[in-house]
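Whatever order the structure lists them in is the order used to number ligands and atoms, beginning at 1. Count residues from 1 along the sequence.
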Amino acid sequence: MPILELKHIRKEFVSGPRTVTALGDVSLRIEEGEMTAVTGPSGAGKSTLLQIMAGLLKPTSGEVKIDGQDLGAMSRKRSAAFRRKNVGYVFQRFNLLPMLTARENIAVPALLDGVKPSEESLLALAESLGIEDRLDHFPSELSGGEQQRVAIARALVNDPRILFADEPTGNLDSGTTGDVMEVFSRLNRAGRTILIVTHDPAVAGACRRVLRIRDGKIGGEEVSS
Ligand SMILES: Nc1ncnc2c1ncn2[C@@H]1O[C@H](COP(=O)(O)OP(=O)(O)O)[C@@H](O)[C@H]1O
Ligand SMILES: [Mg+2]
């Protein structure tokens, strides 16, 4: 069974008299342990696709299943709890809370689940991302690469089975991009399923599978060995 399955996903945005079809009939399967890049021109529907796969956005029609479970058939409360357990999401602009320290930002998804992460587990996570010395700093006191790694730590704090990242290296220099990709590759080698939206050929090149999105459809796919 695939860990993630999309069947005939369509997404329309209605703004006034205009309807934008962001996705038209996308079907795909992702197996557990895959590391997949999603590429394509600006406006092609990549972010919309990632948010629908992660259950953050409801499709206009079609079905999303994670681990065989239909997200559309769950109550809001159930789907929020299911997402917190199974899905980590790294937003393009980090979306860190400015009034919280790095440590507090990382703990937010666990606290939402009523769990306070232990100091040891939080420190181990921070060490794996090389931000253990930055935990008591506020986002404004961190570099872009450090903020990005805090956002990744936050996405991982509940130990999700799938990690989604929307252009996670878009604001980073090439050295920091390499560091972040090393983190993703390490997580993937440990068995985690990863989906990354990217414009960067070096990032896509680090992924075994590359999906190309064009005008709201899957325009092609490459799998390297
Ligand atoms: N909330 C929204 N309201 C209206 N249109 C939207 C919204 N989000 C995305 N779109 C439109 O859907 C299309 C796909 O957007 P998006 O998924 O963000 O593309 P990409 O991430 O590939 O650049 C674009 O035409 C965009 O303008
Ligand atoms: Mg986008």
- Is there at least one pair of N or O atoms, one from Thr48 and one from ligand 1, spaced under 3.5 Å apart? yes

- Message: So for ligand 1, is Phe13 a polar contact partner (N or O within less than 3.5 Å, distance only)?
- Response: no

- among protein heavy atoms, the one nearest atom 25 (O) of ligand 1 is Val20 CG1, 3.7 Å

- Query: Is there an N/O/S atom in Ser47 that lies less than 2.8 Å from the Mg ion (ligand 2)?
  - Reply: yes

- Item | Electrostatic pair Glu132:Arg134 at N-O distance under 4.0 angstrom | no

- Could you tell me the residue and atom name of the protein heavy atom closest to atom 19 (O) of ligand 1, and the distance to it rounded to 0.1 Å? Gly45 N, 3.2 Å

- With the threshold set at 4.0 Å, does a side-chain nitrogen-carboxylate oxygen contact exist between Arg209 and Glu31? no

- Task: Is it possible for you to say whether Ile196 and Val26 belong to one hydrophobic cluster, with membership spreading through side-chain heavy-atom contacts below 4.5 Å?
- Result: no

- Query: Do Arg212 and Thr39 meet the criterion of a side-chain donor-acceptor pair at a distance under 3.5 Å?
  - Reply: yes

- Look at Asp25 together with Arg10 and state whether they make a salt bridge at an N to O cut-off of under 4.0 Å. no

- Query: Short N/O distance, under 3.5 Å, between Leu49 and ligand 1?
  - Reply: no

- Query: Does atom 6 (C) of ligand 1 have any protein heavy atom closer than 4.0 Å?
  - Reply: yes

- Message: Measuring from non-hydrogen atoms of Ala44 to any atom of ligand 1, is the shortest distance under 4.0 Å?
- Response: yes

- State whether any protein heavy atom lies less than 4.0 Å from atom 27 (O) of ligand 1. no

- Task: Considering only non-hydrogen protein atoms, determine which one is nearest to atom 12 (O) of ligand 1 and report residue, atom name and distance to 0.1 Å.
- Result: Ala22 CB, 3.4 Å

- Message: Below a 4.0 angstrom heavy-atom separation, can you tell me which part of Pro41, side chain or backbone, both or neither, approaches ligand 1?
- Response: backbone

- Going by atom types alone, do Thr176 and Asp173 pair a side-chain donor with an acceptor below 3.5 Å? yes

- Between Ser174 and Thr177, is any side-chain donor less than 3.5 angstrom from a side-chain acceptor? no

- Does one side chain, of Asp136 or Thr101, offer a donor that lies under 3.5 Å from an acceptor on the other? no

- Message: With the threshold set at under 4.0 angstrom, would you say Gly40 reaches ligand 1 through any of its heavy atoms?
- Response: no

- Query: Do ligand 1 and Gly43 have nitrogen or oxygen atoms that lie under 3.5 Å from each other?
  - Reply: yes

- Do the side chains of Lys116 and Leu111 get nearer than 4.5 Å, heavy atoms only? yes

- Task: Note the single closest protein heavy atom to atom 18 (O) of ligand 1, along with its residue, its atom name and the distance in Å.
- Result: Ser47 CB, 3.8 Å

